[in-house]
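All heavy atoms count here, side chains included; hydrogens, waters and symmetry mates do not.
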Amino acid sequence: MKKMLTGIVLCASLCVLASCSKNAQKMNVKQTIDAAKNMSHDELVAKAKEEAAAAKSAGTVFKAYGTSSRIASAAKAFTELYGIDVETTNVKDSEIYTKLQAEISGKIDGADVVLTQNGAVMKVQMVDTGNLINYVPASVASNIDGADKVPLVQQYIDKLFIFNTVGSNVPAITNVWQLTEPAMKGRVFFKSPETEKVNENFLIMLTNKTWADKLAKAYKNLYGKDIQLGSYKNAGYKWIAEFLHNCSFGNTDTTIAEQISNAEASGKIGLFVLSKLRSKTVRTENLEIASYYADGKNTTVEPFAGFMYPLYVQIVKTTTMPYTSMLFVEHLVTAAGYAPWAKNIGAYSSNASIPVNKGDQPLSYWRTRLVMDDPEYINEAYADVFEFISKNLTK
């Protein structure tokens with residue numbers, strides 16, 4: 001009887017300790033990650049496997065959310081490499097932060113790692129609040145640019161001006177002010193910034209002084225005279241208004257790419273994700289990338305040929321599997337984890353050792369030709385520019 005009671009007490013004590021350990025782990029995720037920042041790949045693998053085995057015994061599984069559906073393929077490769085199961089969920093950009101907030105505040109067993117976009121919203125809702133934790137794997141740190149480390153960029157995606165080359169009415173764009181001319185009314189295709197937040201962020205960036213000055217200079221280079229702003233605050237606001245007034249708004253970038261590539265779409269141009277050219281339903285033989293066209297003329301598209309936005313990879317503060325989370329982050333910025341995106345043009349790893357797809361240009365080429373996100377400015381200017389964009393979408 002005494003042995004039985006001793007066993008019961010011991011079992012209860014172990015359960016309490018396990019519960020306390022789990023709660024402590026939740027509370028100390030950041031400390032765990034900070035302490036492991038210089039851990040070697042092999043050490044991290046060992047810790048993650050130990051952690052995953054304990055989680056499996058407890059009936060839990062490692063979870064990863066992504067605004068890119070290809071995270072499922074990356075997770076499959078992770079499982080094949082390390083024997084650690086991953087449950088992935090593809091979440092819309094407009095929903096991911098709301099979902100994460102609900103899980104974190106409700107102490108729901110949710111994501112351990114997220115692959116996400118819209119850095120401006122992420123900063124305010126998730127990073128500044130401590131809900132997401134940054135981790136830069138020591139094994140790849142030397143291959144990642146300093147500006148891409150905090151928060152850690154897993155990859156960049158570009159949206160480019162791409163035009164139809166069929167017939168005699170070809171836009172042949174070398175200056176973005178050409179897109180605001182009356183002749184382009186209804187011929188410019190763009191996903192509405194109301195439903196595509198990265199498109200909205202791109203437009204907001206054009207109102208900052210750097211891009212507004214570049215737009216004013218591009219205007220003078222095209223028309224030979226100084227820009228007249230009228231009621232507009234700067235050249236960025238003027239271009240946004242006139243560009244939106246000329247736009248036809250597609251439901252998806254895939255739909256836009258298909259519409260623009262049809263032989264009947266002569267004279268039309270779209271601003272959409274370059275990777276959509278991989279689709280079998282897109283007639284790439286009928287398309288020209290504006291930047292490449294300008295290269296052939298020994299010039300550039302003034303002052304930008306599109307825009308580029310990052311996908312960030314972050315660890316959720318409530319994870320109970322911090323080592324597995326760190327290993328998965330490392331996986332996503334190595335060649336094995338990046339492979340699902342590497343097979344097509346239009347995606348660019350932050351890891352400089354991973355080359356771009358054949359037929360594309362390197363990240364360094366696009367950085368000098370595209371509008372890049374600045375989350376600080378986007379948050380600062382958001383209220384004013386959002387209202388301005390909304391008004392001009394209804395005209």
Worked check of side chain to side chain donor-acceptor pair (under 3.5 Å) between Q154 and S350: CA-CA 6 Å; Q154 188 258 353; S350 62; over 6 Å; no
Spatial distance of atom CG (L215) from atom OG1 (T210) [nearest 0.5 Å]: 11.0 Å
Donor-acceptor side-chain pairing of D42 and S40 below 3.5 angstrom: no
Heavy atoms of other groups near E376 CD, more than 12 under 6.0 Å: no
Side-chain donor-acceptor pair present, Y223, W177, cut-off under 3.5 Å: no
Closest contact, heavy atoms only, K214 versus P303: CB-CB, 3.8 Å
Residues, nucleotides or ligands: over 12 heavy atoms within 6.0 Å of K197 NZ: yes
Non-hydrogen side-chain atoms of Y135 and D34 separated by less than 4.5 Å: no
Centroid-centroid distance, F304 to F202, less than 6.0 Å: yes
Any side-chain donor near an acceptor of the partner, Y377 and T207, under 3.5 Å: yes
Residue pair Y97 / T116, side-chain donor-acceptor N/O under 3.5 Å: yes
Quiz item: cation-pi between R369 and Y365, 6.0 Å / 45°: yes
Sub-4.5 Å side-chain heavy-atom contact between V61 and V86: no
Verdict with supporting geometry, K47 and E43, salt bridge (Lys or Arg N to Asp or Glu O under 4.0 Å): CA-CA 6 Å; K47 280 283 191 180; E43 289 172 329; over 6 Å; no
Test log, rule ring-ring contact (aromatic ring centres under 6.0 Å, His included), inputs F388 and Y237: CA-CA 8 Å; F388 178 81; Y237 283 91; 4.9 Å; yes
K209/D374 salt bridge by N-O under 4.0 Å criterion: no
Residue pair D226 / Y219, side-chain heavy-atom distance below 4.5 Å: no
Contact summary for G337 and A74, nearest pair of heavy atoms: O-CB, 3.5 Å
Minimum side-chain heavy-atom gap E380-N208 below 4.5 Å: no
Residue E285 excluded, over 12 heavy atoms near CD under 6.0 Å: yes
Within-4.5 Å side-chain heavy-atom neighbours: F161 and V188: no
Q228 atom CD: more than 12 heavy-atom contacts under 6.0 Å: no
Side chain proximity check, L222 to Q178, heavy atoms < 4.5 angstrom: yes
Sub-6.0 Å ring centroid separation between F272 and F190: no
Pair T324-E51, side-chain donor/acceptor within less than 3.5 Å: yes
Donor-acceptor pair between R187 and N164 side chains, under 3.5 angstrom: no
Partners meeting side chain to side chain donor-acceptor pair (under 3.5 Å) with T334 (sequence neighbours left out): none
Sequence-distant partners of E242, side chain to side chain donor-acceptor pair (under 3.5 Å), two or more places apart: K238
Step-by-step side chain to side chain donor-acceptor pair (under 3.5 Å) determination, T165 to E288: CA-CA 7 Å; T165 59; E288 175 70 275; over 6 Å; no
Polar contact flag, side-chain donor to acceptor under 3.5 angstrom, N134-Q314: yes
Test item: K149 side-chain N/O and A141 main-chain N/O as donor-acceptor pair under 3.5 Å: yes
N221/E302 under side chain to side chain donor-acceptor pair (under 3.5 Å): CA gap, chis, key distance, verdict: CA-CA 9 Å; N221 289 344; E302 291 191 81; 2.7 Å; yes
Euclidean distance, T195 OG1 relative to K92 NZ, rounded to 0.5 Å: 10.5 Å
Modelled atom types, side-chain donor and acceptor of N262 and N286, under 3.5 Å: no
Ring center gap for F189 and F249 short of 6.0 angstrom: no
Any donor-acceptor N or O pair under 3.5 Å, side chains T254, T252: no
Residue among N201, V124, N118 satisfying side chain to side chain contact (heavy atoms under 4.5 Å, CB included) with I378: N201
Residue of the set F78, F62, Y338 for which ring pair (Phe, Tyr, Trp, His ring centres under 6.0 Å) holds with H331: F78
Stepwise salt bridge (Lys or Arg N to Asp or Glu O under 4.0 Å) check, D128 with K123: CA-CA 6 Å; D128 290 351; K123 182 180 186 305; 3.0 Å; yes
Donor on one side chain, acceptor on other, Y65 and N90, under 3.5 Å: no
Spacing of CD1 belonging to I108 relative to OG1 belonging to T318, to within rounding of 0.5 Å: 10.0 Å
K185 side-chain N/O to H245 backbone N/O, donor-acceptor pair under 3.5 Å: yes
Chi angles and distances behind the side chain to side chain donor-acceptor pair (under 3.5 Å) call for S349, W341: CA-CA 9 Å; S349 174; W341 295 275; over 6 Å; no
Check: T319/D112 side-chain N/O donor and acceptor closer than 3.5 Å: yes
Candidate pair K391 and E387, rule salt bridge (Lys or Arg N to Asp or Glu O under 4.0 Å), full reasoning: CA-CA 6 Å; K391 286 180 180 177; E387 184 178 359; 3.6 Å; yes
